[in-house]
Amino acid sequence: MRKLIAGLVLGTALATMPLSANAETPKNALVMAFSIDDIITLDPAEIFEFSGAEYAGNTYDRLIGFDNKDVSKIHGVVAESWDVSEDGKTFTFKIRDGIKFASGNPLTAEDVAFSLQRVILLDQSPAFILGQFGLTPDNVMEKIRMTDDMTVVMELDQPFAPTFVLYCLTAGVGAVVDKAEVMAHEKDGDLGHEWLRTAYAGSGPFALNKWTAGESLSLTANEEYWDGVPEMKRVIIRHVAEAASQQLLLEKGDIDIARNLEADQIASLQNSDTIKFQNQPKGGLWYLGLSQKNEYLSNPKVREALKYLVDYDGISSTILAGRSTVHQAFLPDGFLGALNDNPYTLDVEKAKALLAEAGLPDGFNVSMDTRNTTAIMGMAQSIQATWALAGINLEIIPGDGGQTLTKYRARQHDIYIGRWGPDYQDPHTNASTFAWNPDNSDEASAKPLAWRNAWDAGDLTAKTDAAILERDTEKRVAMYHELQRDVMANGPFVIMFQETEIASLRNNVHNLDLGPSFDNNYYRFVTKD
Amino acid sequence: MTQDLILSVRNLHVGFNTAKGAIEAVRGVSFDLGRERLGIVGESGSGKSQTGRAILGLTAANGHIRADRLQFHDTDLRNLSPRDWRKVRGARISMIMQDPKYSLNPVMTVGDQIIEAYREHFKVNNREAKRRAIEMLESVKIRDPELVFKSYPHEVSGGMGQRVMIAMMLIPEPELIIADEPTSALDVTVQLQVMAILDDLVRERGMALIFISHDLHLVSSFCDRVLVMYQGRVVEEIAASNLDQAQHPYTRGLLNCLPKMDGNHADLPVLARDAAWETQDLT
Amino acid sequence: MTQTTSRLFKPGLRPWLTSDTPQSRFQARCGRAWMGWLKLAENRLAMVGLGIVLSLVLVTLLAPVLAPYDPLAADLTKRIQSPNAQHWFGTDQLGRDILSRVIYGAQYTLMVVALVVITAAPVGLLVGTIAGFFGGWVDSVLMRITDIFLAFPKLILALAFVAALGPGLENAILAIALTAWPPYARIARAETLTVRKSDYIYAARLQGVSNTGLILGHITPMCLSSLVVRVTLDMAGMILIAAGLGFLGLGAQPPMPEWGAMVSEGRQFLLEQWWVSTVPGIAIFIVSLGFNLLGDGLRDVLDPRGGD
Amino acid sequence: MIEIENLNVWFGENHVLKDVSFDVPLNGSFGLVGESGSGKSTVLRTITGLVDDWEGRITIADKNLGPKRDIAFYRDVQMVFQDPFGSLHPRHTIDRILSEPVDVHKLGNSDARVIEALKQVGLDNSFRFRYPHQLSGGQRQRVAIARALILKPKILLLDEPTSALDVSIQAEVLNLLSALRRDLGLTYIMVSHDLAVVAHMCDDIAIMNLGRIVERATARQLADGHLDHPYSQQLFRAAAGYDRAIIDSFVDWD
Amino acid sequence: MFSVLRSNRDGRKRARLFSGTGGSFIRLVFSLIITLFGLLLVTFLIGRVLPIDPVLAAVGDRAPQAVYDRVREEMGLNLPLWQQFYIYVSNILQGDFGRSVLTSRPVLDDIKRVFPATLELATVATIIGVALGIPMGVFAAVHKGKWPDHLVRIFGLVGYSMPIFWLGLMGLMIFYMKLGWVAGPGRLDAFYVDFIEPTTGLMLIDTLIEGDMDLFWNAVSHIILPASILAYFSLAYIARMTRSFMLEQLGQEYILTARVKGISETRIIWRHALGNVMVPLVTVIALSYANLLEGSVLTEIIFSWPGLGQYITNSLLKADMNAVLGGTIVVGAVFIGVNLLSDVLYRLLDPRARR
């Protein structure tokens with residue numbers, strides 16, 4: 001009994017005592033709340049997830065980079081310079097001297113060649129980015145080779161536009177891994193893949209300290225980084241799933257940056273004197289995919305009507321406030337050839353007229369697979385409400401990401417509301433999915449978004465293929481403009497918004513470098529007062 | 001027999017508030033008790049147990065006691081504080097309950113329960129208390145007191161349990177023992193053995209005893225004096241030896257309706273109840 | 001007028017109900033119910049609970065009359081307004097009136113409760129009484145199955161079920177029922193075990209009553225009271241699990257104004273625009289409280305032992 | 001009418017009945033006396049088929065009993081239990097309790113039969129729709145007897161039918177049972193711990209101890225105290241009431 | 001007339017085989033195995049009917065078809081169902097729970113990491129729940145029908161009736177944000193996350209092992225709020241059950257005996273009655289503990305508590321079936337283990353249940 005009372009007293013004491021220490025993160029460490037439970041691997045040859053890519057972007061050096069402020073400015077990173085052969089099929093890279101891996105090994109052409117070959121040989125999800133150049137596991141050892149300690153040569157099967165090739169090398173597959181370190185952990189000829197999934201062998205501004213899946217990721221600064229040592233000696237990324245929890249942590253000062261605040265939370269913090277925001281338009285597009293297997297949606301008039309039935313401005317200024325801009329073409333702003341005119345606005349009368357033309361004056365019933373996140377649900381419900389004005393009865397089928405996506409990929413949806421993020425910085429990445437569908441049968445081997453929505457893209461497929469071979473940039477831009485206009489008018493996509501990332505920062509945090517894609521958000525320049 | 005008066009009860013009423021209205025379980029019971037064995041007999045619902053409990057102030061929470069006089073030696077048992085009650089209970093008045101299966105705490109050893117009863121009233125150390133407890137177990141004729149001391153209630157038989165109960169209730173040497181149907185859960189031979197033990201101990205220590213039972217036969221053969229209760233009232237008071245001369249038709253009826261071992265299979269005389277018994281005063 | 005009716009009512013019905021010598025089966029049953037009601041009516045908290053539950057039914061029935069707005073009418077220009085004269089409980093993220101949504105949401109809450117009760121309770125009762133009555137291998141098999149479901153993480157089982165059938169209120173209800181029956185089976189079995197050996201079951205068996213007759217006519221009524229009590233107490237839990245599934249996005253589908261989903265949708269505004277999430281939260285709380293109070297009162301009436 | 005030969009019963013490891021044999025003639029009344037644990041109730045439970053693990057021979061009305069009792073068996077043999085509080089279903093009205101056996105055996109005309117059975121045990125029609133808790137102990141035991149009688153059985157097994165009742169009520173119930181046997185020509189086996197009750201009710205008596213019948217006696221022999229076995233003698237002496245002198249001679253029999 | 005002697009001796013022998021202590025142990029183990037196997041089978045089947053593509057979880061949305069097909073084959077999903085189950089069970093028997101798709105690690109390692117978090121939270125919550133629930137239940141029972149009873153009842157019912165996510169967020173807002181009494185989401189301040197090398201995985205113990213009192217208090221201040229909120233639920237349940245058990249015990253004869261002995265009411269309540277109440281209460285506490293050990297998904301999400309509940313839920317939603325199966329087996333085993341433990345405790349507390 002006495003113990004019980006003691007326990008009681010202790011319990012009450014604990015419950016009422018101010019236990020939390022003064023919340024203030026150390027000056028030389030960056031603490032960030034971020035939804036990182038999508039990371040399933042740390043091997044740059046396999047990483048294809050948003051936060052995984054951000055990790056790789058900060059810990060590995062890539063062959064080529066671009067300026068976050070102006071994507072058209074491409075520069076070398078590991079490659080000091082490059083040459084393109086006359087016929088446009090051979091690229092020769094000169095490797096930068098003086099880069100060191102975290103292991104202490106110097107970075108050489110051997111590592112670069114190995115890294116690129118490894119991507120093809122492992123054949124994981126992102127391998128296709130290099131595979132587009134005709135590289136296969138069978139030929140890659142001869143197509144990519146080092147000619148001397150500091151030179152790597154890459155041979156392509158067609159004379160692709162150089163910008164296309166270089167942009168592809170700015171992606172995660174262009175990351176250079178430490179061959180000696182990786183091969184030391186090779187098992188059963190897996191090129192160290194099994195090991196690297198949870199380990200690190202890079203030369204970037206930060207090195208991996210520890211990854212606890214679904215929990216935290218911590219990095220330490222590379223004190224010998226060739227391009228300037230980061231001021232933050234440690235970066236700690238904590239997985240915080242609940243946005244409200246992120247907000248609390250940020251307001252309280254337990255973290256420096258919150259990455260996943262929702263629009264309304266941001267709105268409510270606009271007047272805060274301790275928190276500021278940093279916006280960066282991203283390549284992600286919010287769109288509706290309209291399955292052409294659906295009898296109503298396959299009607300071009302209906303598709304057009306639906307494009308007039310979204311409250312673009314309303315959603316973007318409320319539900320997605322600050323987190324998006326209206327954008328209706330399949331190339332996001334900032335991409336080569338991106339089209340920025342947005343012809344569609346909410347116009348119920350026009351939509352009704354189009355529906356009447358389509359023989360559906362009273363509307364119809366249709367369902368939409370909807371991922372159950374706040375933003376998507378909000379958009380879906382707004383769309384549901386505006387479509388109802390034209391008599392279209394939209395049933396929202398909510399589901400988890402995995403679920404809705406499974407259905408989408410199996411072409412079992414009517415409408416899918418989703419986000420598409422480009423894989424690399426070249427326009428082909430989106431053209432090849434929105435405007436390209438070589439085989440519209442259920443058994444097709446290539447399954448771009450056009451295929452998922454059962455849309456026969458017709459001659460757009462050929463036009464897309466032609467665009468990557470056009471070496472004249474201006475002509476190439478014109479080709480993409482045409483593709484975008486065509487898809488905008490006829491495609492089975494209601495492209496609505498371009499994503500803007502908003503990071504919420506404590507006032508004393510500066511110089512977070514957010515890039516146009518999820519793999520170029522850099523921590524290396526961050527400073528704190 | 002009533003040379004020195006121990007307990008005096010006058011016009012005792014015990015009532016209960018229940019969902020179905022107020023019930024009077026005891027209605028004006030009066031008696032005096034000396035160093036003797038007094039039997040209270042009655043059928044179920046006659047108020048005999050409630051009379052016993054009222055003396056110990058153990059009437060249930062929804063009940064209330066009223067009496068002109070409820071005097072135990074110099075202590076007025078009406079309106080005692082809980083503190084004062086604790087000095088009376090166990091130490092001066094004690095009670096033996098019906099079924100040891102339910103009236104002993106199942107999760108405490110027999111020894112602990114006896115020691116607890118002793119140490120509540122005597123400031124002695126544990127070893128001394130244990131010695132006394134073992135002694136007491138011996139005196140209720142338990143053959144292996146050490147073993148029983150360490151046993152839990154479910155490990156001893158009904159007869160043994162009731163002996164434990166007696167030991168526990170007698171160890172603080174109270175002056176008055178109330179035995180409420182102490183043997184009705186036991187087989188007949190065991191029942192008599194337990195009563196013999198109680199009898200011996202009470203005699204040796206000069207204690208007074210109130211023996212409450214439904215068994216007129218048993219009570220009359222055991223006690224000195226008998227109160228017969230009916231519907232909350234005492235209808236007859238009689239010396240046990242004179243039971244066969246009982247006057248009240250109720251008492252006589254009770255005696256008559258018992259089956260006898262006379263080989264006679266004829267119908268038993270049935271008690272014919274008279275409404276007047278419920279109000280008539282004891283003459 | 002009320003006076004006359006009550007005067008007519010009182011001398012006529014009360015003695016009939018409280019009669020110690022009822023003249024028909026119907027009267028006996030009514031009398032029994034009346035006594036139970038009197039006992040329940042004494043418990044003021046239970047009456048509060050009953051009042052809440054009845055209000056829930058009433059609100060469900062009268063939703064179209066009571067609700068000031070269309071619960072589905074979104075208007076982005078009016079989003080997240082704090083409580084005001086036009087919108088007593090404010091508006092949500094799509095500018096819908098929260099009061100109207102809460103009123104319309106009552107029916108889903110009632111539906112959750114009713115459907116779970118009519119699915120889980122009979123299943124648990126049947127499994128438990130059969131297992132307890134027959135014992136032996138029947139008991140072993142049924143109790144192993146019960147154990148498997150009990151040992152399953154409840155929310156996981158519900159989640160898996162909802163994930164398999166697709167999200168939606170009906171499936172969420174089924175999933176809850178699926179996780180709710182094992183405890184009932186346990187209770188019914190325990191009750192059956194104590195009842196099974198009793199003399200009146202033995203007596204009925206000696207009358208030649210069949211096993212089915214024993215289970216349905218003799219054992220089940222004895223299990224019913226503890227089950228009713230437990231079910232009533234569980235209702236709050238069911239509403240909360242349904243809300244929890246709603247929170248995970250697997251319960252009711254938008255724009256259905258289910259309370260759990262509403263709390264869930266509004267939680268991102270909880271820190272600043274508290275009412276969006278709190279109003280349906282309070283509604284859940286009040287109804288759960290109502291069922292709990294009623295269950296507590298019923299326990300006192302039906303289950304004098306008070307234990308579980 | 002009833003013949004029992006070398007009945008042995010086991011409860012798991014416990015051998016609770018050892019070679020019990022007796023017989024009861026038609027319209028006879030047989031008493032089994034013993035203290036708790038003597039096995040007297042087990043005899044009745046075995047006859048009614050509640051005990052699985054037994055061997056020996058039980059013959060009722062010239063029919064050998066097998067492992068299972070069929071429904072017809074219960075038309076012939078009925079039982080009255082010790083505790084009238086426990087043997088009536090607390091949630092059933094008297095009407096339901098009495099009409100159920102009529103319905104089960106499809107005898108029909110249940111209303112008349114219920115009224116008749118109530119009348120037989122001296123209860124009027126006003127009891128019909130009450131619940132057991134609204135009845136006194138004696139009234140309940142009458143209902144229990146009425147339930148046993150409603151199938152018009154030939155044999156009634158009585159398991160301490162009055163030990164939970166006050167003596168005045170006991171007398172009424174015993175009288176009722178005697179009258180019923182007389183009027184309906186029933187055969188009784190009665191189990192009791194009370195020597196006087198058995199002596200009053202039965203013609204033949206067996207005294208049981210630790211699963212065995214230690215002595216057989218007639219009611220006359222019992223009345224005269226003609227008992228041979230020391231256990232029965234002790235039981236007989238104990239029944240005479242409290243006598244301090246005799247008690248010390250008691251021996252423990254377990 | 002022929003007479004048949006009935007003999008049932010064989011049946012008796014059979015009965016004896018299972019009646020001993022050994023028999024009941026064998027039966028217990030057997031039923032445990034059956035239960036676990038059933039759990040496995042049900043989980044496995046759920047995994048197969050789930051309309052989520054497990055391959056997708058591994059390769060991501062944008063993987064080319066060829067990669068998708070290869071991974072599908074690697075995962076053994078092209079085999080017939082029974083074969084997949086057979087492979088899975090035989091792997092488990094060899095202690096191999098497979099690899100989680102989501103974390104690229106062996107499931108067993110993941111569980112070793114997430115289970116202690118849940119264990120710690122559930123244990124602290126149960127301790128709080130018991131420490132407050134029992135006295136409250138006793139208090140209510142002793143004052144049955146009076147205001148303390150109503151107060152405890154209402155307090156308990158409020159706990160029963162509150163959506164936990166709402167309570168959790170509100171708790172954070174008030175105690176963390178506004179009052180600053182406790183620390184926020186997570187098991188430690190974010191900055192400390194990799195300061196502690198998990199030895200036991202229990203933060204409160206690991207920090208003590210490291211001897212870092214600052215970190216220990218940090219861990220305490222993190223666990224206290226989620227544990228209290230979970231505790232509120234078990235507290236409500238425990239208080240309620242304590243009350244009704246207590247009322248039952250207070251009506252028993254032995255309480256009267258104790259009063260007759262002149263024992264103080266305090267001792268009667270806390271020693272005599274509570275001693276008996278603890279017997280059935282152990283089962284109640286064990287059950288609520290077992291339920292907490294399943295991992296409270298919602299609490300874990302709101303408090304960013306990397307526990308088992310969240311792990312299994314996430315795995316399930318991403319069709320990471322190895323992880324779900326492994327987690328379910330652990331939960332099932334824990335559930336069964338806690339029940340066994342309560343059985344043992346029951347025997348310890350109730351002399352009648354001892355042999």
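Residue numbering restarts at 1 for every chain, and letters A, B, ... go by the order of the sequence lines.
- For A:Asp38, no part sits under 4.5 Å from any heavy atom of chain E, backbone or side chain.
- Within a 6.0 Å sphere centred on CZ of A:Arg371, other residues, nucleotides and ligands contribute 12 heavy atoms or fewer.
- E:Asp189 approaches A:Arg238 most closely through the heavy-atom pair C-NH1, 4.0 Å.
- Atoms CZ and CD, from E:Arg70 and A:Gln124 in turn, are 5.0 Å apart once rounded to the nearest 0.5 Å.
- Contacts between A:Ile39 and chain E at a heavy-atom distance below 4.5 Å involve the backbone alone (N, CA, C, O).
- Proximity to chain E is limited to the side chain of A:Ile255, based on heavy atoms less than 4.5 angstrom apart.
- Ranked by heavy-atom pairs under 4.5 Å with chain E, the first of A:Ile237, A:Val240, A:Leu249, A:Thr404 is A:Leu249.
- Interface remark: A:Ser245 contributes backbone and side-chain atoms alike to the contact with chain E (heavy atom separation under 4.5 Å).
- Here the straight-line distance linking atom CE of E:Met173 with atom CD of A:Glu251 works out to 10.0 Å at 0.5 Å rounding.
- Contacts of A:Val31 with chain E are made by side-chain atoms alone, with heavy-atom separations under 4.5 Å and no backbone atom involved.
- Rounding to the nearest 0.5 Å gives a distance of 8.5 Å between CD of A:Glu242 and OG of E:Ser304.
- For the set E:Gly168, E:Ser100, E:Gly186, the entry with the most heavy-atom pairs within less than 4.5 Å of chain A is E:Gly186.
- Only the side chain of A:Ile236 has a heavy atom closer than 4.5 Å to any heavy atom of chain E.
- Of all heavy-atom pairs between E:Tyr68 and A:Arg409, the closest is CD1-NH2, 3.8 Å.
- Here the CG atom belonging to E:Leu172 is positioned 11.5 Å from the CD atom belonging to A:Gln247, to the nearest 0.5 angstrom.
- Ranked by non-hydrogen atom pairs under 4.5 Å with chain E, the options A:Asn209, A:Ile40, A:Leu30 are led by A:Ile40.
- Neither the backbone nor the side chain of E:Tyr311 comes within less than 4.5 Å of any heavy atom of chain A.
- Contact annotation for E:Asp110: neither backbone nor side-chain heavy atoms come within less than 4.5 Å of a heavy atom of chain A.
- Here the straight-line distance linking atom CD of A:Glu194 with atom CZ of E:Arg99 works out to 4.5 Å at 0.5 Å rounding.
- Interface residue A:Leu122: only backbone heavy atoms are found under 4.5 Å from chain E.
- Summarising the geometry of E:Asn314 relative to A:Asp37, their closest heavy-atom pair is ND2-OD2, 4.0 Å, with the distance given to 0.1 Å.
- Closest non-hydrogen pair, A:Lys252 versus E:Met177, comes out as NZ-O, 3.5 Å.
- Nearest heavy-atom pair across A:Asp254 and E:Tyr176 is OD2-OH, 2.7 Å.
- For chain A, the nearby part of E:Leu188 is the backbone; its heavy atoms alone come within less than 4.5 Å.
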